[in-house]
Amino acid sequence: MTQPLLEIANMEVCYFGKPVVRDLSLRIEPGEILGIVGESGSGKSTVIRAAMGLLKNGGAVTKGEIFYKGQRITHAGDRELGKLRGPEMGMVFQNPGASLCPVRTIEKQLYETVLEHEKTSRREIRERALEIFQNMGFSRGEEILKSYPFQLSGGMNQRAGIMMAMILKPTLLLADEPTSALDVTVQAQVVKEMMKMRETYGTAIVMVTHNIGLVEHMADKVAVMRQGSLVEYGTREEITGSPRQEYTKKLQKAVLRLNRGQR
Amino acid sequence: MEKILEVKNLRKTFYKNRSPFPAVEDVSFHLMKGECLGLVGESGCGKSTAARLIAGLLEADRGSVGLEGEEILGQKGKKKRDVYTKLQMVFQTPQDSFDPRRTLGDGIMESMRNRGMKKDRARERMYRLLEQVELDRSFGDRYPYEVSGGECQRAAIARALAVDPLLVICDEATSALDVTVQAQIVELLKRLQRERKLSLLFICHDLALVQHMCQRVLVMYQGKIIEQGTADEVIQRPREAYTRTLVDSVL
Amino acid sequence: MREKKTIVRKQKAPGKGIKLKLILWGSLALLILLTAAFAPYITPHDPYEQDLGRALWAPCREYLLGTDRYGRDMLSRVIMGARTSVFSAVLLVLITTVTGSVAGTVCGYHGGKLDTFLMRVSDVFLAFPGMVFAIAAASVLKGGLFGAVAALALISWPKYARIVRSQVMAIKNAPYMEAARLAGSGTVKIIFRHMLPNIAGPVVTTAVLDMGTMMMEIAGLSFLGLGAAPPAAEWGSMMSNGRSMLQTSPWVILAPGCAIFLTVMIFNLLGDTVRDLLDPRQRKKEELPL
Amino acid sequence: MKKYVFARLIQMIPILLGITLLSFILTNLSAADAVDIMESNQGIAMSAEEKNELRQELGLDRPVIQQYAAWLGNLLKGDMGESFVSGQPVLASFLSRLPATLSLTVASLLLTVGISIPLGILAAVRQNRFPDYLIRFFSFIGNSLPNFFAALLLIYFFSLKLKIFPVMGSAGGWKSIVLPAVTLALAMASKYVRQVRAAVLEELDQEYVQGARARGIREKRILFFSVLKASMLTIMNLLALSAGSLLGGTAIVESIFMWDGVGKMAVDAITMRDYPVIQAYVIWMAVIYVVINLAADLICHYLDPRIRLGQEGAQ
C-alpha cells in the first residue's frame with residue numbers, strides 16, 4: 001500500500017471549546033480528487049483549514065492527528081507549516097478577490113510567493129505563470145498579472161488565485177468552495193480549468209463544496225459531512241450510485257436536475 | 001385567463017460617477033393569473049432591479065406597469081401605498097428582511113395593522129398564516145436571529161400572504177438556503193401556489209429550479225429580455241447563444 | 001451569490017463580563033450624576049464661604065482636601081464643581097446628539113438638495129479644529145458657561161449628523177426597510193419604528209464616549225476664562241485660579257484635576273463598555289467562524 | 001494625478017469661503033461695538049461724533065454682506081486689519097509668532113507618530129496579551145487626562161520637583177520645548193495609538209492575510225508588506241484628523257507654558273476682546289488644518305491603488 005498524501009485520523013476541531021468537527025478520518029492519495037460535501041455548519045471548510053493550520057481565532061485541533069506524507073503536522077508551528085504551505089499544499093479560497101492583498105498587484109504578490117520558497121529570476125516566474133494560464137486555456141494572463149485584485153471580476157480573480165496556488169506545483173490543492181461565489185457560466189469554466197490542472201501537473205485536489213452536482217462532476221472520492229461528522233465516505237460511484245445513508249439520499253434528492261430533453 | 005401584470009417598456013438607468021449604466025432597458029412582459037413566471041439571468045443582469053421597479057421600491061425612468069389593468073407607476077402618497085400592498089416580495093436573505101429589533105409576528109402583522117385591522121384579529125390571522133407555512137405559533141414571538149434561514153423564509157412567505165396579494169415576487173428567495181432547506185421552501189411555494197391560485201414572479205439564477213417551478217421563463221441579459229417562452233422550450237431548445245451557454249454551464 | 005454578507009445584527013446575549021462591567025461603570029457614573037444633583041446638600045462646608053484666616057491649609061481632618069487661597073473648603077468646591085461640569089457636559093451632549101441626529105436623519109433619508117446643502121455646511125464646520133473654533137465662539141458669545149456650551153454645540157453637531165446620516169444610508173435600502181414599505185407603512189412610521197431603533201446603537205455609544213471629551217473641553221474653556229466665571233465652583237476655572245500656587249499648595253490643583261480625571265475616566269469606561277455591547281462588528285468576532 | 005490635485009484644489013474653494021464667512025459672522029456677531037472696545041482699550045475718551053466718524057471709516061454702517069466682501073478683498077491682499085489693542089497690523093504679528101507654534105506642533109506630531117505607530121502595531125499583533133493590555137491601559141489614562149492638568153502635573157514633577165526642564169518660556173533652548181510638546185503628544189498619542197491598533201486589527205482580520213499564509217509567506221513579511229501598506233490609508237487620515245485636536249490644544253498649552261506662539265496670542269486677545277486677532281487665529285488655524293488634511297488625502301491617493309484607480313471595492 002502506498003503512503004497517502006494527506007491522512008486525517010480521528011480529528012476533532014473546536015472553536016472556543018465547542019466542537020465543530022468530530023472524529024473525522026480521511027485519506028487522500030496522490031493525484032486523486034476528493035469532494036467534501038455538506039450544508040452550512042457541517043464543518044467542511046474547517047477540515048481543510050485545519051490541515052493547512054489556518055484555523056481562525058479561537059479554533060484548535062483538540063483530538064486526533066493530521067499527517068502529510070507521513071509527517072505529523074497536527075500542531076506544527078508556522079515555521080514548519082510555512083515550508084509546506086505553497087510548494088506542497090496550495091489553497092484556493094471561496095472569495096478569490098479577498099484572498100489577495102488589495103493594495104499590491106497580482107504580479108508583485110506572485111514574485112513574493114515564489115521567492116519565499118525558491119531562488120529564481122522574476123522573468124522565469126513570469127513565464128511560469130503565463131504557462132499555467134496557458135494550460136488553463138486562458139489567454140489573458142498578462143492582463144491579470146498587471147492588475148490589482150479589485151480591478152478584476154470574480155472569475156478573473158479566481159483564475160489568479162488558482163495560478164498563485166499552482167505556481168509552486170503543489171502536490172495537493174485544497175479548494176474551499178472555489179466556484180460558489182461565481183456566476184454559473186464562469187463556474188463551469190473554472191471547474192474545467194481545475195480539472196486541467198490535475199491532468200497537467202498530477203495534483204491531488206480536495207474540493208469543499210455545498211454543490212453535490214459539482215462533486216459528481218469532478219471527484220474520484222466523496223465525503224459527505226453533516227453537523228461536524230462524516231456521514232458517508234466512498235468512491236463517487238458508491239456515493240452517487242447507491243448511497244447507504246438517509247442523509248445522503250436526502251441531499252441528492254434535494255438537488256434539482258435540469259431536464260435538457262432531446263436535442 | 002386574464003393578465004394580472006403587464007409591464008411595458010420599463011427602463012431604469014443608474015449613474016455611477018456620472019457615467020450612465022442602463023440596468024433595465026426596455027423590458028416588456030406580462031404575467032397571467034395563477035401563473036409562475038421565471039426570470040433568469042446572471043448577477044448584474046438587472047433582474048433584481050426590474051423586480052424593485054415593479055414593486056415600487058425604485059422609481060422607473062420610463063415605461064408602464066399595469067396591475068389588473070390599472071396603471072400603478074407614478075402613484076403618490078397613500079394611494080401608492082394602497083396599490084403597492086397588493087404586490088408583495090420575498091427576499092433573498094430572509095434574516096435581513098425582518099427588522100432585527102422586532103419579532104417575526106410583528107413583521108407579519110405590520111401590513112394588517114396598517115390597514116386598520118384590530119390587534120386581536122391581526123394576531124389570530126398571523127397564527128393562521130404561520131400554520132399555512134408550517135410553522136409553530138411560537139415563531140410569532142421570536143426574533144429573526146433566533147430562527148434558521150429556512151424558518152425565517154417561511155415567515156417571510158407568511159408575511160407576503162398577509163395581505164392576500166395579487167402578485168408575489170420572489171427575488172432569489174431560495175438561493176441563500178442550503179439545498180435540503182431549499183427543496184422544502186420550493187415545495188411550500190408550489191403548494192401555496194396551487195391552493196391559493198397565487199401569481200408568482202420567480203427570479204432565480206438556478207435554471208433547474210426555474211424549470212421545476214415555472215410554466216414560462218424570461219431570460220435577461222445586460223438589462224434586456226433576450227428570450228422568452230415555456231420553460232421546456234427555453235431550456236431544451238434555446239434560440240439565443242447566451243441562453244445556450246447558460247444551459248450548458250449547468251453541471 | 002450565497003455569500004452575500006448579512007446586514008442583520010445578531011443580538012446575542014452579551015457575555016457575563018460585559019454585563020458586570022456595565023453595572024459597575026454604570027453605577028459609578030450614576031453616583032457622579034447623583035453627587036452633581038444633590039451637591040448643595042452633601043457638601044461638608046459652604047463652598048463659597050471665605051475665611052482668610054484658614055487660607056491655603058493643607059489637607060487635614062476638618063478639610064479633607066485642604067482650602068484655597070480664600071480659605072474655602074476644597075472638597076465642598078469640588079463637589080459643587082461636579083454640578084457645573086457634569087451637567088453642562090450632559091446638556092451639551094444632549095443638544096448635539098438631538099440636533100445632529102435630526103439633521104443626519106433628514107439628510108440620509110431625504111437626500112437631494114437639502115442633503116447636499118447641509119453636508120456642505122457641516123464640511124465647513126468640520127474644517128475647523130474643534131477647540132480653536134470653540135475658543136473663538138465662546139469669546140464672542142461671552143455667556144460664561146452657557147457661552148462655552150453653545151460654542152461647543154455649534155462645532156460638535158456635524159459629527160453626529162455625519163454618523164447618523166451614514167447609518168441611515170446604510171440601512172435605508174436594507175430588505176427589512178423594503179419589506180416595511182411593501183407592508184404599506186408611511187415614512188414617519190418607518191423612520192420611528194424601523195430606522196431609529198436600529199441606528200440608536202452607534203449614536204448612543206458616541207454620545208457616552210463624548211461625555212468625557214466634552215467635559216474636558218468645557219473645563220478647558222473655563223481654564224482659559226471662557227466658561228464659568230471665578231466665584232462659581234467649576235473644575236477648570238478652579239485649576240486656572242490655583243496655577244500660581246502649584247509649587248506651594250499643589251492640592252489646590254490636584255483636587256479638581258483628579259476630579260476631572262476620574263469623572264472622565266468613568267464615563268470613558270462606560271462608553272467603551274456600551275460600545276462593546278452595541279457594536280455589531282465587535283460581536284461578530286465572537287461568532288463561530290465555520 | 002495632476003487632474004486629481006487640481007480637482008481637490010477646486011473643491012477647497014467653497015470650504016475656504018465657508019471658513020472665512022463663518023469666522024467673519026462669528027466675530028461680527030459680537031454685541032459689543034468694535035469702536036467701543038477700541039475706546040476702552042486705548043483709554044482715549046471719544047465723543048459720539050468721533051465714534052460715528054470712526055464707524056464710517058471702518059465701514060461698520062454698511063450691510064453685513066458688503067462688509068464681508070470688503071473684508072474678504074482685504075484678506076486676499078494680505079490685510080487682516082489692525083489689532084484693537086496695539087494698533088499693529090494683525091497679519092505681521094501673527095506671522096512672527098507662527099513659527100513658534102509650528103515648531104511646537106511639528107515636535108509633538110513627530111513624538112506622537114514615533115510613539116503611537118509602533119505601539120499601535122505591537123498592541124494589534126499581540127492582541128489580548130500583556131503588551132496589548134499595558135498599552136491600552138496607558139492610552140486609557142492619557143485619554144482621560146485633560147491637557148491642562150497634564151501640563152500642570154508635568155511642570156510640578158519635572159520642573160518644580162526634579163528641576164530637569166524650565167517651568168515656562170522658550171528661553172531654555174531645546175529643553176523648553178520638551179514639556180509642552182510632551183503634553184500635546186500625550187493626549188494625541190493616547191487617542192491615536194488606539195486608532196492605529198484598531199486599523200491594523202481590522203486589516204489583520206481580512207482574508208488576504210490567510211491567503212498569504214496559505215502561500216507560505218512569513219508573518220513579518222505579511223505584516224510589513226501587505227497589512228501595513230493596506231492600513232496606511234486609515235492611519236494617515238486619522239493622523240491628519242487628530243492634528244485638529246493638536247492645533248486646538250496649542251492655545252491652552254502655550255498659555256500655560258508661556259510659549260510665545262499664536263495660541264497664546266489668541267488667548268491674550270480674548271481677555272482684551274481684540275477681535276481682529278481672534279479672527280486671524282481662527283482663519284489661520286482652519287486653513288492649516290485644511291491643508292494638512294489635503295496633504296494626507298493626496299498622499300493616500302498616491303499610495304493607495306484602490307483610490308488612485310478609482311474603483312474602490314468593485315469586483
So do the side chains of [X] and [Y] get within less than 4.5 Å of each other, counting heavy atoms only?
X        : Y        : answer
D/Val267 : C/Leu226 : no
D/Ile19  : C/Phe133 : no
D/Pro146 : C/Phe223 : no

When heavy-atom pairs shorter than 4.5 Å are enumerated against chain C, which of [options] gives the highest number?
options                               : result
D/Thr271, D/Ile283, D/Leu22, D/Val290 : D/Leu22
D/Ser144, D/Gly248, D/Pro14           : D/Ser144
D/Leu17, D/Ile288, D/Val282           : D/Val282

Given the options [options], which has more heavy-atom pairs under 4.5 Å with chain D than any of the others?
options                                : answer
C/Val121, C/Leu221, C/Asp123, C/Thr213 : C/Asp123
C/Ala137, C/Gly212, C/Pro256, C/Ala134 : C/Ala137
C/Gly130, C/Gly225, C/Pro250           : C/Pro250
C/Val124, C/Val132, C/Leu154           : C/Val132
C/Ile253, C/Leu269, C/Ile266           : C/Leu269

Which answer fits D/Ser245, side chain, backbone, both or neither, if we ask what part of it has an atom under 4.5 Å from a heavy atom of chain C? neither
Does a sphere of radius 6.0 Å around [atom1] in [X] hold more than 12 heavy atoms from other residues, nucleotides or ligands, not counting ones at 6.0 Å or beyond?
X        : atom1 : result
C/Phe146 : CZ    : no
D/Phe158 : CZ    : no
D/Phe138 : CZ    : no
D/Trp284 : CH2   : no
D/Lys191 : NZ    : no

One thing to verify: whether C/Asp272 and D/Arg194 come together as a salt bridge, which I'm taking to mean a side-chain N less than 4.0 angstrom from a carboxylate O. yes
How far does [atom1] of [X] sit from [atom2] of [Y], to the nearest 0.5 angstrom?
X        : Y        : atom1 : atom2 : result
C/Leu254 : D/Leu152 : CG    : CG    : 9.0 Å
C/Trp235 : D/Phe148 : CH2   : CZ    : 10.5 Å
C/Ile260 : D/Phe149 : CD1   : CZ    : 8.0 Å
C/Phe125 : D/Ile15  : CZ    : CD1   : 12.0 Å

Considering only heavy atoms, which portion of C/Arg120 lies under 4.5 Å from any heavy atom of chain D: side chain, backbone, both, or neither? neither
Heavy-atom distance under 4.5 Å to chain D: side chain of C/Phe128, backbone, both or neither? both
Heavy-atom pair of closest approach, residues [X] and [Y]:
X        : Y        : answer
D/Leu26  : C/Val140 : O-CG1, 3.0 Å
C/Ser139 : D/Tyr275 : O-OH, 3.8 Å
C/Arg243 : D/Ile256 : NH2-CA, 3.9 Å
D/Ala286 : C/Pro129 : CA-CD, 3.9 Å
D/Leu145 : C/Met216 : C-SD, 3.7 Å

With C/Met131, which of D/Leu247, D/Ile252, D/Thr250, D/Leu246 fulfils side chain to side chain contact (heavy atoms under 4.5 Å, CB included)? D/Ile252
